[in-house]
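Below is one structure; the comments refer to it alone.
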Amino acid sequence: MKRMPGEVFKEFRISKHETLNSVAKDIVSVSQLSKFERGKNEITLLKFYKLLERINVSIEEFTLSLNLYETDSFIDILKEVRHYYQENNVNKLIFLFKNESFLYKEEGQVSHKLNSICIKQFIYDLEEGSNFYITNNDRIFFKNYLNSVDMWTHYELLLFANSFKILDLKSSVKLSKYMIQNIDIFKSIFQYKKILIEILLNIFLLCIENRDRKLALYYKKIISNFLLIEETLLYEKTIFLFMSGLYIHTILDRKSGVTDMETAISILYKLGSIDLAMNYEGYLKKIIDE
């Protein structure tokens, strides 16, 4: 059963041992707040934000509680996709793909179509040559959607972060310009921060693999400046160390880059990120053997 916003707000207010009078003061009348908590009236968004600030509850915490602590559906889908991808479980990935495709046909909601395209790339990556390949229509649909949204939210960032086998380098760079122009806004929101750096790292890798020296250096500087002031992003710093080594080895044609990559892999092993370490180790071996 769906919970009412006022009901959830009342739970938070009482848990903080705040009275109607103390919370409502200078924002709304006590009567208005009381009616809101009982579902009898609505409160403007600006005043609602002020009320949440008064009881020290973030909008994210409030939304989670309102949804009975169920997370964003696309986040849940991505967790499953990544889990099955690491397990090489193609059948489970196909099930998720078919489910999103079915929901799109039934409901016509664009997000289900986008989700299905995103899942398809993971299937094809495990089974090249299968029928689950990204068509030109898929690419156009995906790219047009991201280009059409004037203000990206968590959903668009996640889509973009998981689209680098769908979009070409040129499209990825073009879309990233919006993100870079608004980098201060994105990095100020905690849940966006890690996605932002993941996207930048992905594009940096694309530039290296395409041997685009100018673009690779451009993204390398952006990431370096970003991580310089974000000391807590240890995982991201480790991956950046690996990719910086890859940049030295591939773009600058120096064997010294291998040392940085090996150091990054060693850190991942020491931190207990075994699957990640093995994936990067396999990637390094492939480079050296070429």
Side-chain angles (χ1 to χ4, degrees), residues 45-46 48-49 52 58-64 66-67 70-82 96 100 103-104 107-122 134 137-207 215-216 218-227 229-230 232-233 235-236 239-240 243:
L45 192 58
L46 181 59
F48 180 64
Y49 282 147
L52 284 179
S58 71
I59 189 66
E60 291 84 6
E61 290 169 324
F62 182 84
T63 303
L64 273 174
L66 185 64
N67 294 321
E70 291 182 2
T71 55
D72 183 286
S73 59
F74 188 54
I75 294 176
D76 291 336
I77 290 169
L78 280 177
K79 283 180 181 176
E80 287 189 87
V81 167
R82 289 178 174 180
L96 292 176
E100 288 299 308
L103 289 172
Y104 176 63
E107 302 172 8
Q109 195 171 329
V110 171
S111 61
H112 291 304
K113 174 70 171 177
L114 295 164
N115 296 352
S116 69
I117 295 171
C118 192
I119 296 167
K120 194 194 290 188
Q121 69 173 325
F122 286 94
I134 304 298
N137 286 337
D138 288 335
R139 296 183 199 281
I140 292 170
F141 188 92
F142 205 91
K143 185 167 61 175
N144 285 349
Y145 172 79
L146 288 175
N147 276 317
S148 71
V149 180
D150 294 327
M151 187 177 292
W152 283 13
T153 62
H154 196 211
Y155 179 69
E156 283 74 35
L157 283 172
L158 281 173
L159 267 183
F160 192 31
N162 289 275
S163 68
F164 291 95
K165 293 184 185 297
I166 300 171
L167 301 172
D168 54 40
L169 177 59
K170 184 179 178 181
S171 299
S172 296
V173 169
K174 182 182 176 183
L175 285 165
S176 76
K177 287 180 180 178
Y178 166 80
M179 221 178 52
I180 293 167
Q181 287 169 357
N182 295 278
I183 197 165
D184 289 334
I185 297 172
F186 287 128
K187 71 181 183 182
S188 67
I189 303 173
F190 179 76
Q191 63 180 344
Y192 292 0
K193 192 181 294 184
K194 283 183 174 290
I195 305 172
L196 173 64
I197 189 64
E198 180 183 347
I199 291 169
L200 292 173
L201 285 167
N202 283 339
I203 299 179
F204 181 38
L205 177 59
L206 274 177
C207 294
L215 270 178
Y218 170 70
Y219 283 99
K220 185 176 187 293
K221 286 180 178 178
I222 290 176
I223 298 168
S224 182
N225 290 336
F226 183 74
L227 291 177
I229 57 173
E230 296 291 342
T232 59
L233 299 178
Y235 164 74
E236 289 78 7
I239 302 306
F240 182 56
M243 291 189 184

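The residues of the chain are indexed from 1 along the displayed sequence.
- Looking at F204 and I222, their side chains never come closer than 4.5 Å, going by heavy atoms from C-beta outward.
- In this structure, S224 contributes its side chain and K221 its backbone to no donor-acceptor pair below 3.5 Å.
- The side-chain hydrogen bond (donor to acceptor under 3.5 Å, both in side chains) test applied to N202 returns no partner, not counting sequence neighbours.
- The two residues R139 and K165 come nearest to each other via the heavy atoms NH1-O, 3.5 Å.
- Considering every non-hydrogen atom in both I117 and I134, the closest pair reads O-CD1, 3.6 Å.
- N182 has its side chain out of reach of M151: every pair of non-hydrogen atoms, C-beta onward, lies at least 4.5 Å apart.
- At a threshold of 4.5 Å between non-hydrogen side-chain atoms, the residues L175 and W152 count as touching.
- Side-chain atoms of S163 do not come within 3.5 Å of backbone N or O of I166 as any donor-acceptor pair.
- The shortest non-hydrogen separation linking F74 to C118 is CZ-SG, 4.4 Å.
- Of the inter-residue distances, the one linking L157 atom CG with N162 atom CG reads 11.0 Å to the nearest 0.5 angstrom.
- Between I197 and F240 the shortest side-chain heavy-atom distance does not fall below 4.5 Å.
- Between the side chain of Q181 and the backbone N or O of Y178 there is no donor-acceptor pair closer than 3.5 Å.
- Looking at I199, L146, L167 one by one, the single match for side chain to side chain contact (heavy atoms under 4.5 Å, CB included) with S172 turns out to be L167.
- Distance CD1/I203 to CG/L169: 8.0 Å, rounded to 0.5 Å.
- Closest heavy-atom contact between Y192 and H154: OH-N, 3.3 Å.
- Considering all non-hydrogen atoms of both residues, Y219 and C207 come closest at CD1-SG, 3.8 Å.
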Report task. Please test F160 against M179 for side chain to side chain contact (heavy atoms under 4.5 Å, CB included), starting from the C-alpha separation and ending with a verdict. Result -> CA-CA 10 Å; F160 192 31; M179 221 178 52; 4.2 Å; yes
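- At a threshold of 4.5 Å between non-hydrogen side-chain atoms, the residues L205 and F164 do not count as touching.
- From K120, atom NZ reaches atom CG of D138 across 3.5 Å, with rounding to the nearest 0.5 Å.
- Inter-residue side-chain proximity for L158 and I195 is flagged as met; some heavy-atom pair is nearer than 4.5 Å.
- For Q109 against Y104, the heavy-atom pair with the smallest separation is O-CD1, 3.2 Å.
- Of the inter-residue distances, the one linking E230 atom CD with E236 atom CD reads 9.5 Å to the nearest 0.5 angstrom.
- E100 places a side-chain heavy atom less than 4.5 Å from the side chain of L103.
- For the side-chain hydrogen bond (donor to acceptor under 3.5 Å, both in side chains) test, residues two or more places apart in sequence or in another chain that qualify with D168 are S171.
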Requested in this report: Report the C-alpha separation of I180 and Y218 in whole Å, then their side-chain angles, then the decisive distance to 0.1 Å, and conclude whether the side chain to side chain contact (heavy atoms under 4.5 Å, CB included) test is met.
Outcome: CA-CA 12 Å; I180 293 167; Y218 170 70; 3.7 Å; yes
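- F48 and F62 have their aromatic ring centers within a separation under 6.0 angstrom.
- In this structure, the side chains of L114 and Y155 come closer than 4.5 Å at one or more pairs of heavy atoms.
- Atoms CG and CD, from L159 and E156 in turn, are 6.5 Å apart once rounded to the nearest 0.5 Å.
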